Number of protein chains: 2
Amino acid sequence: MTTQIKPNKKEVTREKNQKLILDAAEQLFSQLGYDGASMSMVAKEAQVPKANILYYFKSKDGLYESVIDRIIANWNLGLDNVTINDDPATVLYNYIKSKVILAVEQPMQSRLFASEILRGAPYLQNYFRTNTRPWVKQKVDVLQAWMDADKMDKVDPYHLLFTIWSTTQYYADFQAEVLLVMNKLEYDETDVAQITQSITHIILKGIGLKIPEQSEN
Amino acid sequence: MTTQIKPNKKEVTREKNQKLILDAAEQLFSQLGYDGASMSMVAKEAQVPKANILYYFKSKDGLYESVIDRIIANWNLGLDNVTINDDPATVLYNYIKSKVILAVEQPMQSRLFASEILRGAPYLQNYFRTNTRPWVKQKVDVLQAWMDADKMDKVDPYHLLFTIWSTTQYYADFQAEVLLVMNKLEYDETDVAQITQSITHIILKGIGLKIPEQSEN
DNA sequence: AGCTTTACTGACCAAAAGGTCAATTACTAA
DNA sequence: TTAGTAATTGACCTTTTGGTCAGTAAAGCT
């Protein structure tokens with residue numbers, strides 16, 4: 001498919017090892033934070049000599065940045081291609097639902113971002129400025145257009161987005177608290193539906209929309 | 001007032017120093033997390049010899065626990081003495097408003113808790129089990145009673161509480177993100193009102209309540 | 001096969017971490 | 001006063017940290 005003619009054994013093993021390392025690092029950083037996770041822990045977890053990690057990633061900072069970069073590369077902010085002509089209820093319902101599923105099924109990435117932002121987002125500043133901010137601006141415009149067309153209540157679109165983000169991510173970032181309060185050991189199959197149901201009820205109704213009919217999927 | 005007859009110079013200076021240390025520790029832990037803040041940083045910030053901190057608090061863990069304990073001691077979960085006879089709209093409106101004010105005006109404590117929960121709440125487990133969980137149980141009962149009496153929509157009361165917590169705390173814990181996205185340097189005077197307005201509109205209307213008339217205060 | 005170059009890593013290092021302790025300095029009570 | 005006790009802390013210790021580097025192994029190329 002690509003121009004790659006010879007698989008090049010060197011590159012193959014390097015990429016395999018780098019993936020091993022990045023996986024281990026992602027897990028440890030999200031579990032223990034930047035300072036809590038050490039290079040030797042990552043090395044042990046990835047079953048790779050510590051010097052090898054430094055060889056690939058130059059420094060702990062470099063490794064951390066690579067972990068974040070990889071997450072961002074696969075990051076989908078959702079709400080792609082929304083336009084004024086779309087139905088706000090359907091769009092927002094699906095957005096919330098997908099964020100809840102993400103929060104429950106892969107909380108690690110959300111937590112890594114959370115601990116990064118808690119520290120003042122030293123490595124994400126640039127990302128927020130160049131990616132998130134324009135993305136938000138665009139969605140805000142669509143939301144505003146919907147409001148102007150009286151398709152939904154007039155609320156500050158920024159705070160509406162923050163409300164959606166906070167309510168959904170909460171189940172990933174604060175999982176420990178949620179489970180302790182609800183006296184559960186882990187989320188079960190019914191929780192995703194229950195959470196989605198509650199959040200969408202409150203938010204959609206809260207901005208004057210009706211929960212759309214469930215489509216099959 | 002108290003039985004304290006002689007002020008006892010020793011105790012006085014000890015408490016003064018401990019306060020100095022706890023203040024510094026609270027700031028540093030909330031800024032850098034448990035692993036990110038070191039004993040020598042705390043010592044420098046509190047302008048006290050490091051050995052003195054160890055003398056008072058036995059270990060870094062001990063200091064951290066004391067910081068958390070002090071916060072908890074002054075912690076007010078709010079919603080005290082709510083009963084079924086209260087007006088849900090007024091109660092919830094005031095609760096949300098007070099949480100927003102707290103988030104904007106003193107985000108440090110919220111962030112300390114957040115980073116603690118992110119790590120799986122090693123030091124808060126007990127607190128959640130013995131304090132938060134019963135507190136929640138009680139509020140959940142009141143909410144349920146309101147729902148049963150058709151005073152508000154029937155939604156899962158646990159998730160309603162999580163929604164309130166998440167939306168309000170977001171402005172403390174993720175301040176860096178909020179400010180970056182909104183392209184601000186810091187919250188200004190109008191933000192508290194704006195945030196409260198947006199959140200209460202969405203949540204109260206979302207559970208079938210009307211925003212109560214503003215009382216003077 | 002042999003030569004070059006890149007990939008790798010064990011051994012090592014300085015700095016910083018949390019923590020101990022013996023010596024010194026306050027206080028207190030008689 | 002002064003003896004006794006508790007408070008304080010400078011010096012020191014061990015472990016771990018992120019990071020370097022010289023030497024070895026492994027491809028790649030002709």
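Only a predicted model underlies this, so the values are computations on that prediction, with no experimental measurement involved.
Nearest heavy atoms, B:E186 versus B:D191: O-OD2, 4.4 Å.
Per the geometry, OH belonging to A:Y56 stands 15 Å off P belonging to C:dT6, to the nearest Å. Between the CD atom of A:Q18 and the P atom of C:dA7 there is a distance of 10 Å, given to the nearest Å. Put simply, CZ on B:R14 is 18 Å from P on C:dA26, counting in whole angstrom units. D:dT17 atom P lies 14 Å from atom CG of A:L63, rounded to whole Å. Counting to the nearest Å, the P atom of D:dG18 and the OH atom of A:Y64 are 14 Å from each other. If you take CG of B:L32 and P of C:dA17, they are 11 Å apart, rounded to a whole angstrom. As rounded to whole Å, 15 Å separates atom C1' of D:dA7 from atom CD of B:E15. Between B:Y34 atom OH and C:dG18 atom P there is a gap of 8 Å when expressed in whole angstrom units.
Checked against D:dG19, C:dG19, C:dC8, the side chain of A:K60 finds its nearest nucleotide in D:dG19. Set against D:dG19, D:dT8, C:dG18, the side chain of B:M39 has C:dG18 as its closest nucleotide.
Within the structure, salt bridge (Lys or Arg N to Asp or Glu O under 4.0 Å) contacts touching residues 120-146 of chain B (residues at least two apart or in different chains) are B:K137-B:D141. Listed by first and then second residue, the ring-ring contact (aromatic ring centres under 6.0 Å, His included) pairs that reach into residues 32-74 of chain B are B:F29-B:Y34, B:F29-B:Y64, B:Y34-B:Y64, B:Y64-B:Y123, sequence neighbours excluded.
Within residues 115-126 of chain A, no residue approaches DNA chain D, by heavy-atom distance under 4.0 Å.
Applying the salt bridge (charged side-chain N to carboxylate O under 4.0 Å, His left out) rule to B:D188 yields the partners B:K184; only residues at least two apart in sequence or on another chain are considered. In terms of the side chain to side chain donor-acceptor pair (under 3.5 Å) criterion, residue partners of B:Q175 (sequence neighbours excluded) are, by chain and number, B:R111. Considering only residues two or more places apart in sequence or on other chains, B:Y158 meets the side chain to side chain donor-acceptor pair (under 3.5 Å) condition with none of them. Listed by chain and residue number, B:D35 satisfy the salt bridge (charged side-chain N to carboxylate O under 4.0 Å, His left out) test with B:R119 (two or more places apart in sequence, or in another chain). By the side chain to side chain contact (heavy atoms under 4.5 Å, CB included) test, B:T132 is found to be paired with A:V181, B:Y127, B:F128, B:V136, B:W165, residues two or more places apart in sequence or in another chain being considered.
Between B:A37 and B:T13, the residue anchored closer to the 5' end of DNA chain C is B:A37, taking for each the nucleotide with the nearest heavy atom.
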Below 3.5 Å is the cut-off: list the nitrogen or oxygen pairs between protein and nucleotides 9-16 of chain D, distance only.
unit_1: D:dT9; atom_1: OP2; unit_2: B:N52; atom_2: ND2; d: 2.4

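Checked against B:L92 for a side-chain contact (heavy atoms from CB on, under 4.5 Å), the options B:I203, B:I207, B:T200 give a single hit: B:I207.
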